[in-house]
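One structure is given below, represented as structure tokens, and several questions about it will come after.
Each chain gets a letter, A, B and so on, in the order the sequences are listed, and its residues count up from 1. Please read all numbers here as calculations on a predicted model, not as lab measurements.
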There are 2 protein chains.
Amino acid sequence: MNTKERARYEARARIIKALAHPTRLFLVDELSRGERCVCELTEMVGADMSTVSKHLAVLKAAGIVADEKRGSQVFYAIRCPCVLKFFECVETVLKTSAREQAALVR
Amino acid sequence: MNTKERARYEARARIIKALAHPTRLFLVDELSRGERCVCELTEMVGADMSTVSKHLAVLKAAGIVADEKRGSQVFYAIRCPCVLKFFECVETVLKTSAREQAALVR
DNA sequence: TGGCGAATTGGTAAAATGACCAAGGATCGA
DNA sequence: TCGATCCTTGGTCATTTTACCAATTCGCCA
């Protein structure tokens, strides 16, 4: 793995890392249904607003969501809907694992 | 977000976390071309074998790869090929970001 | 214009992650 | 059986991540 290759994998890892947290997955899932302001998301997540704000900042830095200030509120929206396909695959992995577990117990 | 929901997002995050490291992305990429033994992968990655072994253990625990001992070697292989679709999306995100950057400079 | 709600940012402490070294188990050829 | 190779595991230390609190900024309206 040379330097250039490594840089490519690091760039990819940065995106995936941004998704590698339960709260951020929830945020993406929720935003996939339409834009939401931070206070709405905070309410749903049930954590400190500063925590949610920071999670959103991570997603934004990765280019996964976009923000727009309107009045005193900030609305976030998905920028790359393909991210949702992640979930399908993740579910496949989970189901495959579950099946194997079941097979072992059988 | 109730307890059950949270558990679902945590399960998903575990899978994605397993992919959220440049070396592990490289390993998955390489394994997508066919099974490899740990010593081959170690050679390619250029890190300590114990480091590579631990990365592989993370992927295995997530159910993304499977291992098979044959003689003195251990071969790893992809278990859920759909993981490769992650990369397409990740590239899309990266390209979109790059385009926006370019637009800002223009 | 004073104050309130919305949001971000800085700071801090706890927990998780990651890399390497050292040690140990398994397999194979001499 | 001895030694070499392959691989995993345990330990340690540095770095990163994350959650909350406190402080600050911004917009709105009473």
Side-chain angles (χ1 to χ4, degrees), chain A residues 1 3 5-7 9-28 30-31 35-77, chain B residues 1 3 5-7 9-28 30-31 35-77:
Chain A
M1 197 164 33
T3 308
E5 264 192 304
R6 184 172 298 278
Y9 286 110
E10 276 169 9
R12 290 176 172 185
R14 268 194 293 280
I15 309 290
I16 298 182
K17 250 186 201 174
L19 290 166
H21 189 286
T23 298
R24 293 198 290 270
L25 286 182
F26 170 82
L27 292 171
V28 169
E30 185 55 34
L31 291 178
E35 64 170 25
R36 301 277 186 275
C37 70
V38 182
C39 56
E40 284 175 304
L41 295 170
T42 297
E43 168 72 20
M44 293 186 233
V45 169
D48 196 278
M49 183 182 273
S50 71
T51 300
V52 175
S53 177
K54 280 177 184 172
H55 280 307
L56 288 166
V58 170
L59 290 171
K60 182 184 167 189
I64 295 167
V65 304
D67 64 339
E68 189 188 331
K69 181 154 191 169
R70 289 209 293 275
S72 67
Q73 292 173 304
V74 178
F75 289 85
Y76 280 85
Chain B
M1 199 165 34
T3 309
E5 263 191 306
R6 182 172 299 276
Y9 286 110
E10 277 170 8
R12 289 176 172 184
R14 266 194 295 278
I15 309 287
I16 297 181
K17 252 188 200 173
L19 289 167
H21 189 287
T23 299
R24 292 199 289 271
L25 286 181
F26 169 82
L27 292 172
V28 168
E30 183 56 34
L31 291 178
E35 63 169 25
R36 300 278 186 273
C37 70
V38 181
C39 55
E40 286 176 302
L41 294 169
T42 298
E43 168 73 20
M44 292 186 236
V45 169
D48 196 277
M49 184 182 272
S50 72
T51 301
V52 175
S53 177
K54 278 177 184 174
H55 280 307
L56 287 166
V58 169
L59 290 172
K60 182 183 164 189
I64 295 167
V65 303
D67 63 338
E68 188 188 331
K69 180 155 189 167
R70 289 207 294 276
S72 67
Q73 292 172 304
V74 177
F75 289 85
Y76 280 84

Discussion item. In terms of relative ring orientation, are B/Y9 and A/F26 parallel, tilted or perpendicular, with 30° and 60° separating the classes?
Written reply: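 Aromatic pair B/Y9/A/F26 classed perpendicular.
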
Worksheet item: Can any side-chain N or O of A/R24 pair as donor or acceptor with the backbone N or O of A/A18 at less than 3.5 Å?
Response: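 Side chain of A/R24 to backbone of A/A18, a donor-acceptor pair under 3.5 Å: yes, one is there.
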
Worksheet item: Ion pair present between B/R36 and B/E43, side-chain N to carboxylate O less than 4.0 angstrom?
Response: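 Looking at B/R36 and B/E43, the cut-off is not met.
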
Worksheet item: Nearest to the side chain of A/V74, which nucleotide is it out of C/dA7, C/dC20, D/dC7?
Response: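 The listed nucleotide nearest to A/V74's side chain is C/dA7.
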
Worksheet item: Are any of A/S72's side-chain N or O atoms less than 4.0 Å away from OP1 or OP2 of C/dG5?
Response: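 Looking at the OP1 and OP2 atoms of C/dG5, neither is under 4.0 Å from any side-chain N or O of A/S72.
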
Practice prompt. Name the nucleic acid region contacted by A/A47, choosing base, sugar-phosphate or nothing; use a 4.0 angstrom heavy-atom cut-off, strictly under.
Written response: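 Sugar-phosphate only.
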
Worksheet item: Hey, does the side chain of B/E40 reach the backbone of B/C37 with a donor-acceptor pair shorter than 3.5 angstrom?
Response: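 Yes: the side chain of B/E40 pairs with the backbone of B/C37.
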
Fill in: Contact under 4.0 Å: B/H55 side-chain N or O vs C/dA19 OP1/OP2
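Indeed, a polar side-chain atom of B/H55 lies that close.
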
Worksheet entry | Nucleotide D/dT18, atom C1' - distance to CZ of A/F26 in whole Å |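 Going from CZ in A/F26 over to C1' in D/dT18 covers 18 Å.
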
Worksheet entry | Test: A/R12 and A/E10 ion pair at under 4.0 Å |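 The answer is no: the pair does not qualify as a salt bridge.
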
Discussion item. Tell me if the side-chain of B/S50 makes a donor-acceptor pair with the base of C/dC21, cut-off 3.5 Å, by modelled atom types.
Written reply: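 Indeed, a donor on one side and an acceptor on the other fall under 3.5 Å apart.
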
Discussion item. If the cut-off is 4.0 Å, is A/H21 near the phosphate of D/dA19, judged by side-chain N/O to OP1 or OP2?
Written reply: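 Yes, because at least one side-chain N or O of A/H21 sits under 4.0 Å from OP1 or OP2 of D/dA19.
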
Discussion item. With a 4.0 Å cutoff (strictly under), does any side-chain N or O of A/S53 reach OP1 or OP2 of C/dT8?
Written reply: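 Indeed, a polar side-chain atom of A/S53 lies that close.
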
Worksheet entry | Spacing of B/D67 atom CG relative to D/dT8 atom P, expressed in whole Å |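 Distance, rounded to whole Å: 7 Å.
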
Item to complete: Round to the nearest Å and state the distance from A/E40 atom CD to C/dA7 atom C1'.
Response: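 In whole Å, C/dA7 C1' lies 14 Å from A/E40 CD.
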
Worksheet item: Counting only N and O atoms by type, is there a donor-acceptor contact under 3.5 Å from the side chain of B/T51 to the main-chain atoms of B/A47?
Response: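 The answer is no, because no donor-acceptor pair under 3.5 Å joins these two groups.
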
Discussion item. Check the phosphate of D/dC6 against B/Y76, side-chain N and O only, distance under 4.0 Å to OP1 or OP2. Yes or no?
Written reply: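 No, outside the criterion.
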
Discussion item. Please report the distance, rounded to the nearest Å, between CZ in A/R6 and P in C/dA19.
Written reply: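 Those two atoms, CZ and P, are 9 Å apart.
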
Worksheet item: Rounded to the nearest Å, what distance is computed from the NZ atom of residue B/K60 to the P atom of nucleotide D/dT8?
Response: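 It is 8 Å, rounded to the nearest whole Å.
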
Discussion item. From C-beta outward on A/T51, which listed nucleotide comes closest to its side chain: D/dA19, C/dA7, D/dT8?
Written reply: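 Of D/dA19, C/dA7, D/dT8, D/dA19 is nearest to the side chain of A/T51.
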
Worksheet item: What is the distance from CE of B/M49 to P of C/dA19, rounded to the nearest Å?
Response: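 Interatomic distance, CE of B/M49 to P of C/dA19: 16 Å.
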
Discussion item. What is the separation between atom CZ on A/F75 and atom C1' on C/dT8, rounded to the nearest whole Å?
Written reply: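 These atoms are roughly 17 Å apart.
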
Discussion item. Taking the nucleotide of DNA chain D with the nearest heavy atom to each, does A/K69 or A/V58 sit closer to the 5' end?
Written reply: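 Residue closer to the 5' terminus by nearest nucleotide: A/V58.
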
Worksheet item: Whole Å only: how far is the CG atom of B/L41 from the P atom of D/dT8?
Response: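 About 10 Å, once rounded to whole Å.
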
Discussion item. Counting distance alone, no hydrogens or angles: does the base of D/dG11 have a donor or acceptor under 3.5 Å from a partner atom on the side chain of B/K54?
Written reply: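 Yes, the side chain and the base share a sub-3.5 Å donor-acceptor pair.
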
Worksheet item: Closest nucleotide of DNA chain C for A/K17 versus for A/D48: which of these residues is on the 5' side?
Response: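 With A/K17 and A/D48 compared, the 5'-side residue is A/D48.
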
Worksheet item: So what does B/R70 touch, heavy atoms closer than 4.0 Å: a base, only the sugar-phosphate, or nothing?
Response: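 The residue B/R70 makes no contact with any strand.
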
